[in-house]
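As structure tokens, the structure follows; a few thoughts come after it.
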There are 2 protein chains.
Amino acid sequence: MQIITIQPEVIFQALADETRLRIIRLLVVTGEESCLCEFVDSLLEPSYKLSRHLKILRQAGLLSSQKEGRWVYHRLVVKPPYLELLYSTVSALPDSGGAYSADLQRFRKRLCLRKGGRCQIGIQSEEFKTKAG
Amino acid sequence: MQIITIQPEVIFQALADETRLRIIRLLVVTGEESCLCEFVDSLLEPSYKLSRHLKILRQAGLLSSQKEGRWVYHRLVVKPPYLELLYSTVSALPDSGGAYSADLQRFRKRLCLRKGGRCQIGIQSEEFKTKAG
DNA sequence: TGCATACTTGCACTATAGCGCTAGTAATAG
DNA sequence: CTATTACTAGCGCTATAGTGCAAGTATGCA
């Protein structure tokens, strides 16, 4: 990991998207780390879409990702102090329409399906899988 | 002022631009309110550009603007708690390259030219005025 | 009344962001 | 070895954001 020049606007750019904000909020509120298929089942968005947003968050320095077998786990980066402040801001945001709490509800339910603290079952919401050939 | 539905990503969108972040940082660090021509002389950007960015910040709910004669003063909105947290985040951001402190230095210098606590002199850096007609 | 000026805005252009689709890669299960 | 599947990436499309230029509005001064 090399940090050459930090451009602060990239951090805000990373959160300037509804889907990415939904991802970050789940991680901020629960303190969890999670894999793609758990996000798919929680946010009910196609996997290729979430995969790309996760990449953007990683490149912005907000997420670190670690591969475990077939799964890739994503967790929040908390090292520079301004990131902690940023997450405090995120968790203080209003939830107009209850969209975030719906995500959270699905996320918690999905976490119950883990075995040994890890996802073992893949995407459950069939219509959001990547329909491979 | 009517708030119908707050979309949190609009707030981050507002800060996802270098120029707008420079504006907000000046106001966060100094606690001042300021008019367009003072921003022009501090950021050394053309007035039409800054005027548009100020409008975006206003529409995002980060700035409130008040006309006083020929001048329009812009100040930070601090009411919802998450905005205070947001400004804490902004003030904790690194200043790679010293661009922000250069802005700040010009801004403080420019504030010294006020009379009676108000800007009375207009844009000083000639090349950044709007060349009308 | 006319001019200077602080500020805003319409227009055209360019760059980029987000998307769906689809194919591809890698790892595991049987 | 083969099939399944978690995840990624390329392609083309569309929408939008940021910009410079130039015109327009509004306020105050002489």
Side-chain angles (χ1 to χ4, degrees), chain A residues 9-10 12-23 34-41 43 45-60 63 65-74 110 113-115 118-133, chain B residues 9-10 12-23 34-41 43 45-60 63 65-74 110 113-115 118-133:
Chain A
E9 62 269 20
V10 172
F12 293 111
Q13 176 67 252
L15 295 179
D17 176 273
E18 189 191 1
T19 305
R20 293 197 291 270
L21 203 48
R22 290 168 72 194
I23 293 172
S34 185
C35 61
L36 178 62
C37 55
E38 289 176 333
F39 285 122
V40 170
D41 287 337
L43 305 184
E45 299 281 353
S47 55
Y48 60 80
K49 180 177 171 179
L50 295 182
S51 175
R52 265 190 295 232
H53 283 302
L54 288 167
K55 182 182 181 181
I56 292 171
L57 290 169
R58 199 183 324 128
Q59 290 175 334
L63 293 184
S65 305
Q66 181 182 344
K67 191 163 190 173
E68 294 186 15
R70 279 198 284 186
W71 286 269
V72 178
Y73 282 88
H74 306 271
R110 185 55 166 76
L113 301 182
R114 285 186 181 180
K115 293 172 184 167
R118 285 307 183 194
C119 175
Q120 301 292 342
I121 57 173
I123 300 171
Q124 300 298 296
S125 23
E126 292 296 327
E127 64 265 53
F128 295 103
K129 290 187 181 181
T130 302
K131 282 98 178 169
Chain B
E9 61 269 19
V10 173
F12 294 111
Q13 177 66 252
L15 295 179
D17 176 274
E18 189 191 1
T19 305
R20 293 196 292 268
L21 203 48
R22 290 168 72 194
I23 293 172
S34 186
C35 61
L36 179 61
C37 56
E38 289 176 332
F39 285 122
V40 170
D41 287 336
L43 305 184
E45 299 281 353
S47 57
Y48 59 81
K49 179 177 171 180
L50 294 181
S51 175
R52 264 192 293 235
H53 283 303
L54 287 167
K55 182 181 183 182
I56 291 171
L57 289 169
R58 198 181 326 126
Q59 290 175 334
L63 293 184
S65 305
Q66 181 183 343
K67 190 163 189 173
E68 293 186 16
R70 281 197 285 188
W71 286 268
V72 179
Y73 282 87
H74 307 272
R110 185 58 165 75
L113 302 182
R114 286 187 181 178
K115 292 171 184 165
R118 286 305 181 196
C119 175
Q120 302 292 345
I121 58 173
I123 300 172
Q124 299 301 295
S125 21
E126 293 295 328
E127 64 265 51
F128 294 103
K129 289 186 183 183
T130 302
K131 282 99 179 170

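In what follows, every chain begins at residue 1, and chains take the letters A, B, ... in the order their sequences are listed. Since the structure is predicted, the reported quantities are computational estimates derived from the model, not experimental observations.
B:Phe39 is not listed as a side-chain neighbour of B:His53, based on a closest heavy-atom distance of 4.5 Å or more. B:Ser47 places a side-chain heavy atom less than 4.5 Å from the side chain of B:Ile123. A:Arg110 places a side-chain heavy atom less than 4.5 Å from the side chain of A:Gln124.
The distance from atom NZ of B:Lys129 to atom C1' of C:dT8 is 17 Å, rounded to the nearest whole Å. For the pair B:Ile123 CD1 and C:dC7 C1', the computed distance is 8 Å after rounding to whole Å. The distance from atom CG of B:Leu50 to atom C1' of C:dT9 is 15 Å, rounded to the nearest whole Å. Computed from coordinates, the B:Tyr73 OH to C:dT8 P distance equals 13 Å when rounded to whole Å. Counting to the nearest Å, the C1' atom of C:dT9 and the NZ atom of B:Lys49 are 17 Å from each other. If you measure from atom CZ of B:Phe128 to atom P of C:dT5, you get 18 Å, rounded to the nearest angstrom. Nucleotide D:dG18 holds its P atom 10 Å from the CG atom of B:Leu57, rounded to whole Å. B:Gln124 has its CD atom 12 Å from the C1' atom of C:dT5, to the nearest Å.
For B:His53 and D:dA17, the shortest distance from a side-chain N or O to OP1 or OP2 is not below 4.0 Å. For D:dT8, one of the phosphate oxygens OP1 or OP2 lies less than 4.0 angstrom from a side-chain nitrogen or oxygen of A:Ser51. Under 4.0 angstrom from either OP1 or OP2 of C:dC7 there lies no side-chain N or O belonging to B:Tyr48.
Checked against side-chain contact (heavy atoms from CB on, under 4.5 Å), A:Arg118 has the following partners two or more places apart in sequence or in another chain: A:Glu33, A:Glu68, A:Tyr73, A:Gln120. Legend: residues meeting side chain to side chain donor-acceptor pair (under 3.5 Å) with B:Arg22, ordered by chain and number and at least two apart, are B:Glu45, B:Asp103. Partners of B:Arg52 according to the side chain to side chain donor-acceptor pair (under 3.5 Å) rule, which considers only residues two or more places apart in sequence or in another chain, do not exist here. Applying the side chain to side chain donor-acceptor pair (under 3.5 Å) criterion to B:Thr19, with sequence neighbours excluded, gives no partner residue.
Of the candidate nucleotides C:dC7, D:dC21, D:dT8, D:dT8 has the atom nearest to the side chain of A:Val72. Side-chain atoms of B:Arg52 lie closest to D:dG20 of the nucleotides D:dT8, D:dC11, D:dG20.
Look at B:Glu38 and B:Arg114 and you find a salt bridge, because one of the NZ, NE, NH1 or NH2 atoms lies within 4.0 Å of a carboxylate O, short of that distance.
Residues of residues 13-21 of chain A having a heavy atom closer than 4.0 Å to DNA chain C, listed by number: A:Asp17, A:Arg20.
In terms of heavy atoms, B:Trp71 sits closest to B:Cys37 at NE1-SG, 3.5 Å.
At the heavy-atom level, A:Ile121 lies under 4.0 Å from the strands shown only through sugar-phosphate atoms. A:Arg118 comes within 4.0 angstrom of nothing in the nucleic acid, heavy atoms only.
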- Its contact letters, B for base, S for sugar-phosphate only and - for none at protein heavy atoms under 4.0 Å, make nucleotides 25-30 of chain D read -SBS--
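Formation of a donor-acceptor pair under 3.5 Å by the B:Asp41 side chain with backbone atoms of B:Ser125 is found in this model.
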